[in-house]
Number of protein chains: 2
Amino acid sequence: MSKNASSMPWERPEPRPRPAPVPLSRDAIVRTAIVLADAEGLSAVTLRNVATALGAGPMRLYGYIATKEDLLALMIDAVYAEMLAEKETPADEWRLQIATLACALRGAAFRHPWFIALLGGRPHQGPNALAFTEAMLAAVADAPGLDGIDAIFQAAKVIGAYVLGAVRDETAEAVAVLESEMTKAEWQAENWPYMQRMIATGRFPMLARVISEMDHPTPEAVFYEGLECVLDGIARRSPN
Amino acid sequence: MSKNASSMPWERPEPRPRPAPVPLSRDAIVRTAIVLADAEGLSAVTLRNVATALGAGPMRLYGYIATKEDLLALMIDAVYAEMLAEKETPADEWRLQIATLACALRGAAFRHPWFIALLGGRPHQGPNALAFTEAMLAAVADAPGLDGIDAIFQAAKVIGAYVLGAVRDETAEAVAVLESEMTKAEWQAENWPYMQRMIATGRFPMLARVISEMDHPTPEAVFYEGLECVLDGIARRSPN
DNA sequence: GAAGAATCGATACATTGTATCGTTCGATGC
DNA sequence: GCATCGAACGATACAATGTATCGATTCTTC
């Protein structure tokens with residue numbers, strides 16, 4: 001208690017008026033949440049943290065989002081918007097179109113390692129997610145020989161499954177680093193003795209070869225090689 | 001306070017000795033956690049819930065697992081063990097071997113919808129996970145024309161990406177039902193008006209076709225058709 | 001039997017989404 | 001301009017969760 005304070009109500013100075021609340025918007029909330037997630041992982045996206053970063057009280061966020069789950073859905077759609085913005089010039093050839101979309105998704109996932117983990121539930125139907133799906137279907141529809149929406153859908157499903165699966169695998173390390181305090185090197189150093197013991201059992205000869213013989217190609221090369229493989233499969237199964 | 005109770009310490013009856021603690025084991029803890037997750041989703045797997053289901057206090061679990069994260073890792077490895085047990089008779093032909101492994105994984109994911117969601121971080125190196133990976137690499141190594149560990153690894157990566165991506169997509173609904181209180185029909189009923197509005201914009205012609213024209217093949221057919229597609233792609237890119 | 005270690009159940013703590021409450025501010029009507 | 005009411009805001013509270021800590025009981029050793 002400072003020397004000017006008094007416990008007598010009639011002697012207390014009146015408080016300064018409370019400052020005008022900082023302006024908020026849904027966009028600002030979502031962007032702030034994304035910045036937090038990119039920097040520290042999804043666990044850093046708490047309503048308190050987002051509100052603090054915006055200079056507001058946490059309960060104010062409920063004027064813009066109904067639940068935290070809404071916030072996460074809006075974050076997802078914002079990332080889809082980024083992908084669409086990147087996919088600027090439409091390529092002519094169907095394989096290139098698909099590769100462009102896949103590239104946009106992969107890039108977004110590296111900028112926002114938490115993105116893929118959020119895609120596990122019900123379909124995302126934000127306007128940008130729908131637009132991205134539409135773009136993918138349109139690209140696949142250009143593949144020769146796909147007769148009818150069922151074949152198009154099937155092919156799009158395969159591509160989507162591969163791309164999301166591969167990118168999830170690729171970004172897993174980035175996710176792990178964000179959420180824990182352990183770098184890849186530290187984790188490997190910690191786990192290597194166990195792996196050595198397992199290899200020494202002789203039960204994992206292929207894994208032993210992977211560990212000792214592999215050139216370890218760049219992840220990007222692996223991804224695009226895999227995509228080409230999938231697209232080859234689609235082309236081969238088309239009736240013509 | 002019952003009529004026999006007294007606040008005088010020297011008059012109080014001594015309590016009965018505490019009952020012998022129920023025996024615990026790591027296996028029992030993991031199995032109980034799996035049963036809870038299968039029934040109510042991952043959010044039901046709290047240490048308190050697991051301990052309660054086992055008739056023990058929550059802190060006892062820490063004698064068997066160091067962290068909750070350990071419990072989740074053990075759950076993952078237990079599911080891999082199931083897959084290995086299922087993959088009993090080794091098939092001769094490489095495509096059939098791979099399809100058998102994919103089938104085992106898909107089956108496990110449907111029994112345990114939470115499984116795939118847990119695979120997002122660092123590589124899982126439990127003994128059964130390693131054995132499963134080994135089996136997949138061995139199956140892919142049987143594919144003709146894959147020359148060297150790099151090509152084998154690349155092919156295994158593509159297959160794994162597709163399978164996990166596709167199964168994740170397929171099981172998403174089961175996950176959503178477990179974690180929310182909303183069935184698929186309820187969710188669709190809630191979201192249909194929005195979807196109608198979006199389709200009415202005319203910006204999503206392919207999606208409109210999917211919704212109005214698709215036969216909706218069985219998910220299983222879609223999965224295996226996709227796998228065949230990927231395996232075709234791999235066969236096509238082999239040098240011979 | 002006594003002492004110390006191990007085990008157990010109970011309690012506590014920090015954190016998080018969100019409900020609730022008290023206070024301040026803004027809008028409206030007179 | 002003043003009084004009243006509704007909206008907005010910040011503060012507080014609550015239930016839940018992983019896990020630290022504490023007090024009590026049981027087991028082991030000498």
Side-chain angles (χ1 to χ4, degrees), chain A residues 9 12-26 28-30 32-33 36-37 39-76 114 117-118 121 178-182, chain B residues 9 12-26 28-30 32-33 36-37 39-76 114 117-118 121 178-182:
Chain A
R12 279 184 226 149
E14 291 183 4
R16 312 186 58 177
R18 89 185 159 187
V22 300
L24 285 187
S25 70
R26 189 173 292 158
I29 292 167
V30 173
T32 301
L36 279 173
E40 296 168 61
L42 272 178
S43 56
V45 181
T46 68
L47 293 210
R48 285 173 170 88
N49 283 346
V50 175
T52 298
L54 288 163
M59 296 308 296
R60 277 188 68 196
L61 301 193
Y62 286 99
Y64 301 87
I65 57 173
T67 60
K68 178 168 173 180
E69 197 174 332
D70 279 0
L71 174 58
L72 300 178
L74 288 160
M75 285 163 74
I76 292 169
W114 44 269
L118 283 185
L178 275 181
E179 293 289 344
S180 72
E181 311 262 320
M182 208 180 292
Chain B
R12 283 186 221 146
E14 291 182 1
R16 308 172 75 167
R18 82 184 165 189
V22 300
L24 286 185
S25 69
R26 188 173 292 158
I29 292 167
V30 174
T32 300
L36 278 173
E40 296 168 60
L42 271 177
S43 56
V45 181
T46 68
L47 291 210
R48 286 173 171 86
N49 284 346
V50 175
T52 298
L54 287 163
M59 297 308 295
R60 276 188 68 196
L61 302 192
Y62 287 99
Y64 301 87
I65 57 173
T67 60
K68 178 167 174 181
E69 197 173 334
D70 278 1
L71 174 58
L72 299 177
L74 287 160
M75 286 164 71
I76 292 170
W114 44 269
L118 283 185
L178 276 180
E179 292 290 343
S180 70
E181 310 264 319
M182 208 179 295

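Owing to the predicted nature of the structure, the values given are computational and were not obtained by experimental measurement.
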Nearest-angstrom distance from the residue atom CG of A/L72 to P of C/dT16: 14 Å

A/L54 CG - D/dG10 P separation (whole Å): 12 Å

Residue pair A/M75 / A/V45, side-chain heavy-atom distance below 4.5 Å: yes

Side-chain N or O of A/R60 closer than 4.0 Å to phosphate OP1/OP2 of D/dC9: yes

Which residue lies more 5' along DNA chain D, comparing B/T67 with A/V22 via nearest heavy atoms: A/V22

Flag, side chain of A/R26 to backbone of A/Y64, donor-acceptor distance under 3.5 Å: yes

Nearest to side-chain heavy atoms of B/P21, which nucleotide of D/dC9, C/dC8, D/dT19: C/dC8

Within-4.5 Å side-chain heavy-atom neighbours: B/I65 and B/V30: no

Protein-nucleotide distance (A/L61, atom CG; C/dG17, atom C1'), rounded to Å: 11 Å

Nearest-angstrom distance from the residue atom OH of B/Y62 to P of D/dG18: 7 Å

Spacing between A/R48 atom CZ and C/dT16 atom P, to the nearest angstrom: 7 Å

Proximal nucleotide (of D/dT21, C/dT16, D/dC9) relative to the B/M59 side chain: D/dT21

Separation of atom CG in B/L47 from atom P in C/dG9, rounded to whole Å: 15 Å

Rounded interatomic separation in angstrom, taking NZ from A/K68 and P from C/dT18: 8 Å

Rounded distance (Å) that lies between atom P of D/dT19 and atom OH of B/Y64: 17 Å

Heavy-atom side-chain contact between B/L42 and B/L118 under 4.5 Å: yes

Touch class at under 4.0 angstrom, heavy-atom based, for A/V45 against every strand present: sugar-phosphate

